[in-house]
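Residue numbers count from 1 along this sequence.
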Amino acid sequence: MAQKQQVKLSDLAGARFLTLGERTYFEKKIVTACQKAGYEPNFVYQGERIEAILEMIRQQLGIALLMKKSVSASQLAGMKRLDLEETISSQLCLVRLKGRHNQAQELFWQEMKDSSLE
């Protein structure tokens with residue numbers, strides 16, 4: 001797989017998955033996608049810290065399905081990132097009260113709007 005740029009979910013059947021836990025809701029997306037690819041994922045770690053998952057990958061304890069934007073290039077030093085051929089998507093909705101907002105809130109709001117256009 002190290003020579004590939006993309007991988008199919010079906011190619012990962014039997015892999016040891018390291019993932020963010022149920023509290024992130026991303027785990028449910030992985031389960032659904034793997035079931036659609038014809039298998040149940042083998043989760044060997046489900047946690048809340050991406051740093052812990054990346055360290056386990058370095059120790060060759062498994063592989064991880066993570067969102068591109070959740071891991072920087074510097075965090076991936078010494079690892080190979082492959083894109084999935086399939087798309088696993090999710091939505092994030094931000095809601096705020098109408099009215100006055102401070103500068104930090106406005107900057108955050110604008111950053112979220114801009115990043116959703118990418």
Side-chain angles (χ1 to χ4, degrees):
M1 266 193 240
Q3 280 68 39
K4 293 184 176 185
Q5 294 300 315
Q6 286 190 327
V7 64
K8 292 180 184 179
L9 267 174
S10 59
D11 294 338
L12 302 178
R16 298 167 48 93
F17 284 96
L18 312 166
T19 189
L20 297 171
E22 291 179 6
R23 290 180 58 187
T24 65
Y25 300 102
F26 190 63
E27 178 258 354
K28 290 178 184 174
K29 295 277 188 181
I30 294 172
V31 170
T32 301
C34 290
Q35 288 172 338
K36 191 174 178 181
Y39 65 95
E40 292 292 326
N42 174 24
F43 292 116
V44 296
Y45 176 80
Q46 292 173 285
E48 295 179 17
R49 295 186 54 238
I50 289 178
E51 296 83 8
I53 291 171
L54 296 176
E55 184 56 36
M56 292 172 139
I57 292 169
R58 284 184 189 92
Q59 295 177 21
Q60 300 180 4
L61 298 175
I63 64 168
L65 296 177
L66 299 168
M67 294 178 282
K68 282 182 187 180
K69 291 185 178 184
S70 65
V71 183
S72 69
S74 63
Q75 288 177 295
L76 292 174
M79 292 182 263
K80 169 90 175 178
R81 186 193 87 185
L82 299 174
D83 291 329
L84 285 175
E85 285 188 18
E86 300 88 350
T87 298
I88 300 174
S89 62
S90 62
Q91 291 182 321
L92 174 66
C93 298
L94 298 176
V95 180
R96 68 179 180 174
L97 293 173
K98 289 182 179 181
R100 296 182 344 171
H101 303 98
N102 66 37
Q103 185 179 8
Q105 293 167 332
E106 285 299 330
L107 287 170
F108 177 76
W109 190 259
Q110 191 58 49
E111 180 66 28
M112 291 298 100
K113 287 171 70 176
D114 293 346
S115 68
S116 70
L117 300 175
E118 294 176 3

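- Contact detail for Y45 and A52: the closest heavy-atom pair is OH-CB, 3.8 Å.
- Hydrophobic clustering (ILVMFWY, side-chain heavy atoms < 4.5 Å, transitive): M67 and I88 are in one cluster.
- Within a 6.0 Å radius of CZ in F108, other residues, nucleotides and ligands contribute 12 heavy atoms or fewer.
- Among pairs with a residue in residues 89-103, those fulfilling salt bridge (Lys or Arg N to Asp or Glu O under 4.0 Å) read R96-E106, at least two apart in sequence or across chains.
- Taking each heavy atom of L61 and R16 in turn, the nearest pair found is O-NE, 3.1 Å.
- The environment of CD in Q60 is sparse: at most 12 heavy-atom neighbours from other residues, nucleotides or ligands sit within 6.0 Å.
- Contact detail for F26 and T19: the closest heavy-atom pair is CD2-OG1, 4.5 Å.
- F17 and I50 are not part of a single hydrophobic cluster, where members link through side-chain heavy atoms under 4.5 Å apart.
- Here salt bridge (Lys or Arg N to Asp or Glu O under 4.0 Å) pairs that include residues 27-44, with residues two or more places apart or in two chains, number zero.
- Taking all atoms of both residues into account, the shortest heavy-atom contact from Q6 to L84 is NE2-O, 4.2 Å.
- Taking hydrophobic clusters as Ile, Leu, Val, Met, Phe, Trp and Tyr residues chained together by side-chain heavy-atom distances below 4.5 Å, L76 does not share a cluster with L82.
- Judged by distance alone, with hydrogens and angles left aside, the side-chain atoms of Q105 form a donor-acceptor pair with the main-chain N or O of N102 at under 3.5 Å.
- Nearest heavy-atom pair, I63 versus A15, reported as atom, atom and distance to 0.1 Å: CD1-CB, 3.6 Å.
- Other residues, nucleotides and ligands place no more than 12 heavy atoms under 6.0 Å from the CD atom of Q103.
- Closest of all the heavy-atom pairs between L9 and A37 is CB-CB, 3.9 Å.
- Rounding to the nearest 0.5 angstrom, the gap separating the CD atom in E55 from the CZ atom in R49 is 10.5 Å.
- L20 and L65 are not part of a single hydrophobic cluster, where members link through side-chain heavy atoms under 4.5 Å apart.
- Connection of I30 to I57 is not established within any shared hydrophobic cluster, with ILVMFWY side chains joined at heavy-atom distances below 4.5 Å, either directly or through further cluster members.
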